[in-house]
Amino acid sequence: MLPQLMQHANSSMSGSICLGLHTNLINGFRSDSYVRKRILLTRRLQDFAQARLGRRYDLEVYSGRVPMPRRALIRAISGAHALVCFPYDVIDAGVMDAAPDLETIATYSVGYDHIDVAHARGRGITVGYTPDVLTDATADLTMALMLDLLRRVTEGDRIIRAGRWRQIYGADDYLGTDVGGKTLGILGMGRIGSRVAKRAAAFGMKVIYHSRSSTGPGTRVTLGRLLERSDVLSIHVPHTPDTHEMMDMSRLRKMKRSAYLINTSRGRVVHEKDLAAALRQGIIAGAALDVFHSEPVGPANPLVKMQNVVLAPHIGSSTDGTRRKMAELTVKNLELGLSGREPAYSVK
Ligand code: DGY
């Protein structure tokens, strides 16, 4: 067992690395012959969630640097019946095939672009995820980033902390942009996009959107129109082969020079180098980003040095209540998946 892999199970299991015996009551008779299923967690969940899982299953919880290195993951998953993973874990065919007994995967996220779902389906492995419970939290963060960017809040914070706030209340000082009356363009009218639309309408924004399949509040337009007319463009499409780097220079050039881009979806929907160039060259006015090509973002990323960019460390779902609900749903997905049923929220 890797030093970072901790065995978590109830007391009867302590010290055991392999599947252990568990005392069950079957038809009124005590039986010690039932093998507890094994769950690998690539990172810890909240204590309450692990305690609930630990009552029925053997848990191995990785506690080293994230993401769990691929070789360690392949070694650790070999005897697992279930996997709990996170958006940065790459769960491809090679990882799944290292686990011949794998029955179910539960990702602690609404996004599942890190999982080869087709391969899972082919193997009969169910995949659970956590939509709905994080919709409001992510829509709130989208609004927070938009207000911050248009009103230059964290830019002002940086100015004060750097000791560069020299004078107060000048007529033209720190001018931002009014939110009310502006056009918000929503790319992807799913659960989160439609909640953002409602919030934006309450701020007096006009909402337009582009979506291939869903309808929602506001006016549906072509992608070209969306890019041309939006004062703020907010991205809410999942990352798929079709959306990969779809916001590249050719599309950024179609936006207004005064427009802002917000991304709380997935970093790889945006061509990040093109975005940095567009911001540097004034092709668009600013950006607020919660997601990136490669996370965590380090100081070498050019976006870090730009004053017209607001950065957040992938916190769309990071509220106490939401993360608790995500853990509850992850546990439920696992329990259903391990009993041979579809998870409560199952990726199809
Ligand atoms: C998810 O759940 O996929 C989101 O990225 C969380 O912020």
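Each ligand, and each atom within it, is numbered from 1 in the order the structure gives. Just so it is clear, the structure is predicted and the values come from calculations on it, not from any experiment.
- Note on Arg212 versus Asp242: salt bridge recorded, some NZ/NE/NH1/NH2 to OD/OE distance being below 4.0 Å.
- Against a heavy-atom cut-off of under 4.0 Å, Gly316 is close to the following atoms of ligand 1: 7 (O).
- The shortest side-chain heavy-atom distance between Val196 and His236 falls under the 4.5 Å cut-off.
- Residues His114 and Val90 have side chains not in contact (no heavy-atom distance under 4.5 Å, counting atoms from C-beta outward).
- At a 4.0 Å heavy-atom cut-off, ligand 1 touches Leu134 through the side chain alone.
- Atom 3 (O) of ligand 1 has as its closest protein heavy atom Arg266 NH2, 2.6 Å.
- Remark: minimum distance from atom 6 (C) of ligand 1 to any protein heavy atom is reached at Ser317 OG, 3.4 Å.
- Here the heavy atom of the protein found nearest to atom 2 (O) of ligand 1 is Val110 N, 2.7 Å.
- Cation-pi geometry between Arg220 and Tyr209 is not met: the NZ or CZ atom fails to fall both under 6.0 Å from the ring centre and inside 45° of the normal.
- Here the side chains of Leu252 and Met255 are in contact, with some heavy-atom distance below 4.5 Å.
- Checking only distances, Met326 never comes within under 3.5 Å of ligand 1, N or O to N or O.
- Closest non-hydrogen pair, Arg55 versus Arg36, comes out as O-NH1, 3.3 Å.
- For ligand 1, the polar-atom distance check finds an N/O of His314 within less than 3.5 Å of one of the ligand's N/O atoms.
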